[in-house]
Each structure stands twice: as C-alpha cells, then as structure tokens.
Number of protein chains: 2
Amino acid sequence: MPRREEPDIPEARLIPEATVARLPLYYRALLEIADQSIGTVSSEQLAELAGVNAAKVRKDLSHLGSYGTRGVGYDVEHLVGEVSRELGLTRDWPVAILGLGNLGRALANYRGFGARGFRIVALVDADPDKVGQAVGDLTIEPVEALSSIVAQRRVAIGVIATPAPAAQAVADRLVAAGVASILNFAPTVVVVPPEVTLRKVDLATELQILSFYQQHRRRVPDRARV
Amino acid sequence: MPRREEPDIPEARLIPEATVARLPLYYRALLEIADQSIGTVSSEQLAELAGVNAAKVRKDLSHLGSYGTRGVGYDVEHLVGEVSRELGLTRDWPVAILGLGNLGRALANYRGFGARGFRIVALVDADPDKVGQAVGDLTIEPVEALSSIVAQRRVAIGVIATPAPAAQAVADRLVAAGVASILNFAPTVVVVPPEVTLRKVDLATELQILSFYQQHRRRVPDRARV
DNA sequence: CAGCGCTTGTGACCGCGTGCACAAGCGCGG
DNA sequence: CCGCGCTTGTGCACGCGGTCACAAGCGCTG
Ligand SMILES: NC(=O)c1ccc[n+]([C@@H]2O[C@H](COP(=O)([O-])OP(=O)(O)OC[C@H]3O[C@@H](n4cnc5c(N)ncnc54)[C@H](O)[C@@H]3O)[C@@H](O)[C@H]2O)c1
Ligand SMILES: NC(=O)c1ccc[n+]([C@@H]2O[C@H](COP(=O)([O-])OP(=O)(O)OC[C@H]3O[C@@H](n4cnc5c(N)ncnc54)[C@H](O)[C@@H]3O)[C@@H](O)[C@H]2O)c1
C-alpha cells in the first residue's frame, strides 16, 4: 500500500488515486455527450461511454460532491465544469518538450495536444545542429536556456523525449528550474524529489506486457482493458 | 476487483497482474547489470535499479520460482533468462502499425522498438496518398490488405495510431484478422472481445493527471511515481 | 565442523479499490 | 397530493497488493 505521509494535514476533500486516473475518461465521455446537446446523463450511460462500471462512476463522482439528481442523472454541463475544475483544466498549463527527435517532433506537431489547456511553449534540445530549427510555430532552443525559459514562460509541465541516458540529467534540470510535473517517455527509471510528480509512458513495457499475456494466452483481467 | 473467470482451469503458475507489470522493469535493470559483467545481484540492488521496494522484488521473483540463493542473491544471467522466458521475449513478435501520421511515423522510425523481439513487419494506412510511401525499410500498405498481411506475416500485435474516430473500426479489423494483442494510442474507448488483450497509452489522460496533482499540490502517492 | 553474517522466501497484517445491493430521494403522472 | 418508477449515493464485504519482519538456508571463515 502506498505510504500516506503528512497525516497531520487535514486535506479537506481527498480524491482516491484510482478515481483521479478515471476522471479524464469521464471528462472525454462528457464532452462527447455535450456535443450532442444532451442535457443529463445517467451513471449507466456514462459508464458505457467511459468503459467502466456504473457503480464506480457514481462513487467516483460522489467524491467531487453530490452533483447528481436521483431519478434523473447528472447535468452534463455542470458535471463537465466540476470535472474540469477538479482536473485543473480551467487553467492554462504551459508545457516544454525536451528532446526533439522522432518522438519529440511528433508530440510537437500533435494538434490535439493543446486542445484542453495544455499549450506547448518551448522545445529544447542539446544538439547544436537542432537548435534554431523551426518545428511548427516554435524554434528549438538550447538546454542551457531551460532555466530562464521555465521562469519566463511559467512552464508547469516538462515532457522528456530524450534518449534514456540523458533522461535523469534533463529531469534534474527541470526540477532545478522549478518544474513540478514531469512526463517521461524515456525507458529508464528517473528519480525526482517527493514534491515533484513524475509519470512515465513506456512503450517497451506495454509491449512486453502484451507479449506476456499473448504467450500465456489467458484472458487479461478487466482492469488492464479499456 | 477484477473478475477472475475460468475458475475451473487449473492454471499452474499464475502470476499476479501487478507483478507482470513490473517484470519489464526488472528485465531492463537486469540487462544493465549484465552489461557490467556482474554475476549476482541482491533484491536490494535490483530494487534500487528498478525503482521499487526490495520486498516486492523478492515476492515478484518468487512467483517465477525460487531462483535466488540465500546469503548470495540472484544469478543475473539465469534470472535474465527466466524473466525473458516468462515475458515471452525469447520469441519473435511481428508488429503492425496502423495509421502513419505523426505518431505512427515516429514509432516506425523508432530503433529501440525492435530491440527485444518486437519486429515491425507492416505499416497500414487508409489514406490512398500515403499508401506506397516508404518509411524506413517498409512501404505503407492499404487497410484492405490487412487481413492477408496479418495471416501471411503472422502479425501478433497491432499498434493503433489512427485518429480517435477510426480506432474502433481498425481494432475490429485487427480482431477479425486474428490479432489478439492491441496497443491503442488513440484517445478513445475501444471495445474488444474478452480473449483479446487491449492496452492503451493516453497522452491526454497522463497530462490531466499531472494537472490534477499540480493543482492540488500535494505529494503524489508512491505508486504513481517511477 | 561450528558459528556467523547475509539474503532469500514467505507468513501475517492491513488498507485500498471494487462491486453488490439497497435505502434514500427526486420528479412526474394521475 | 399521493404513489410509482427511476437513479443516485453509500454501507458492506471481499480480495488483491503492499509492507514488515523473521525464520530458513547458504556460504565463508576460523
Ligand atoms: N520514437 C518513438 O516512437 C519512441 C517511442 C517510445 C519511446 N521513445 C523514447 O523516447 C525517447 C526519444 O526517442 P526518439 O526516437 O525521439 O529519439 P531520437 O534519438 O530521435 O531523439 C532524441 C533527441 O533528444 C536530444 N537530446 C539528447 N540528449 C539531450 C539532452 N541532454 N537534453 C535535451 N535533448 C537531448 C537529441 O539531440 C535528439 O534530438 C527515447 O528515450 C526513446 O526510447 C521513443
Ligand atoms: N502525434 C502525437 O504525438 C500523439 C500523441 C499521443 C496520441 N496521439 C494519438 O495518436 C493518433 C495519431 O496521431 P497523429 O498525430 O499521428 O495523427 P495524424 O492525423 O497525423 O495521423 C493519423 C493517420 O491515420 C490514418 N488513418 C485514418 N483513418 C485510418 C484507418 N481507418 N485505418 C488506417 N489508417 C487510418 C491517416 O491517414 C493518418 O495517416 C491520434 O489518435 C492521436 O490522438 C498522437
């Protein structure tokens, strides 16, 4: 079990980690529903669209407060607002991409990226040949400028797309510059101070997990499915 | 709790899902150790490299069998063999990439992809303008050819990198063609039959989770960290 | 060959997450 | 205004996963 530290802090409304991980699913489903000008939605319908269980939807949403109406369902517009607020999507989150190789460029060119408040404000690479190149609306800048870039553009999230050996050093620079949220695509363990949130996306791991289940050819547990 | 079906099947040695998800971490750490010509490794050292707890390492590895020696540790070479065997990395896994846009091309050009038995054998796109284009050593083929491609090249894993609206249709085609393992990068819920393993990588979800913790500025639980 | 130090393997405990099932409660129709 | 149907919100029980702590066991040394 994850050790919950800071037991003294009251921490008003704490939302379970598992719920946090599902909020984006609900958010996406809610936007689809809102597009169809549907006013209210039941937990059953939302569960269907988000690919989860209805009871879980209700319990998850109850952590945000009681915004549903019994016998009717949830007001879609209101719920979208509550979920976005909880996820912090009402704010603007400046993002920096570190490492502009195959993956970094794909991320930089990805339109859907900036769709919900995540705005790419800097592209940083260590390769002098790459510095100065334009990618979309931005120009690649040197790593030495990272610290001032983060400060001036209020970078909140750093996305690491460098080769694995460089990842820790890049993460250290990000942390030193004051970035408190990092998404790491490099296949290596990166250590950050406890106050920094680090998440990872690891293609090799995903493939190997698929490989395991394929080899053992047994049904993969529900949780691992969408 | 995930519903475990097939209670009648004996299922000799069943490895917990959480353990399976960590095996790739151990595998990566073991390769690093093997590179340094180190003969044995303790659970403590392995835990350090994999970024997990030593007790967890021991319990995880005990599920593969008792390959350690008390007072000494684990034989690195032997353990690499056991973990690869368990993960199915001793086999060759032909992979097809569906959708050759920004992301699909990045994946197709990714060298580290084929490093451990995962070999890209087909690139498929629905856009007639893209069909026939060369990407690396391969040529983009039309979706209509998918079924015969899967059969002839023994495609085991399908990677979906199409826009979200096309993802379900592509998944359906893959399943119909006999692919039993799918990795989905499109930000949408994809439904597959229970015998098919589906995993997803969702950038928007990851960013939104980071956004949540950043906004609530509290320490993220250990499990979410690397 | 006995003792010692080190490391594994695991028993025990505990909390989180999940799903069931139902009471509470809202709105509508008669 | 009453009752009925529908949906939420949640109490409860259960199992998985995580951690601790220690007994078991291996090898080395004297
Ligand atoms: N390409 C993919 O599809 C893919 C998929 C999954 C994971 N990954 C991982 O993502 C990372 C990037 O992959 P890629 O294919 O884009 O690699 P790449 O070699 O094409 O690009 C890496 C980039 O990082 C830059 N770089 C190196 N050191 C740096 C530093 N210290 N600071 C800033 N920039 C630095 C390089 O100059 C280069 O531009 C790798 O760790 C890879 O394993 C890639
Ligand atoms: N680009 C990124 O960095 C990135 C990151 C995370 C997630 N994604 C997701 O990955 C997917 C692809 O992103 P992208 O930026 O490469 O998009 P893209 O538009 O550049 O490429 C999509 C490709 O899919 C092809 N396609 C469309 N319908 C198809 C079908 N039915 N069968 C086969 N191919 C089809 C298109 O012709 C196109 O080549 C999207 O769902 C996106 O949300 C992209």
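Proteins get letters first, then strands, A, B, ... in listed order; numbering begins at 1 in each.
Considering only side-chain atoms of A:K56, the nucleotide from D:dC20, C:dT18, D:dT7 that sits closest is C:dT18. Side-chain proximity of A:A55 to the nucleotides C:dA21, C:dT8, D:dC20 is greatest for C:dA21. In the set D:dG17, C:dG9, D:dT19, the nucleotide with an atom closest to the side chain of B:K59 is D:dT19.
B:H78 has its ring centre no less than 6.0 Å from the ring centre of B:Y74.
Salt bridge annotation for B:R116-B:D92: absent, with no cationic side-chain nitrogen under 4.0 angstrom from a carboxylate oxygen.
Applying the side chain to side chain contact (heavy atoms under 4.5 Å, CB included) test to A:E44 and every residue at least two apart in sequence or in another chain returns A:S42, A:A54. Residues satisfying the side chain to side chain contact (heavy atoms under 4.5 Å, CB included) criterion with B:A122, sequence neighbours excluded, are B:A96, B:E141, B:I149, B:R153.
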Report all side-chain donor-acceptor pairs from residues 176-183 of chain A shorter than 3.5 Å, counting only partners two or more places apart or in another chain.
unit_1 : atom_1 : unit_2 : atom_2 : d
A:S181 : OG     : B:Q214 : OE1    : 2.5

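The main-chain N or O of A:V191 is found under 3.5 Å from a side-chain atom of A:Q168 such that the two form a donor-acceptor pair.
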**Message:** Can you give me the dot-bracket string for DNA chain C, 5' to 3', counting Watson-Crick and G-U wobble pairs with both distances under 3.5 Å, using [ ] for crossing pairs and | for partners on another strand?
**Reply:** ||||||||||||||||||||||||||||||

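The distance between atom NE2 of B:H63 and atom P of C:dT8, rounded to the nearest whole Å, is 16 Å. Rounded to a whole Å, the CG atom of A:L64 is 12 Å from the P atom of D:dT10.
Contact between the side-chain N/O atoms of A:Y67 and the OP1/OP2 oxygens of D:dT7 is not found at any separation under 4.0 Å. For the OP1/OP2 pair of D:dT8 and a distance below 4.0 Å, the side-chain nitrogens and oxygens of A:S43 include at least one atom meeting the criterion.
Less than 4.0 Å separates DNA chain D from no heavy atom of any residue of residues 75-82 of chain B.
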**Message:** I need a per-nucleotide contact map over nucleotides 23-30 of chain D, read 5' to 3'. Cutoff is protein heavy atoms under 4.0 Å; write B for the base, S for backbone only, - otherwise.
**Reply:** -BBBS---

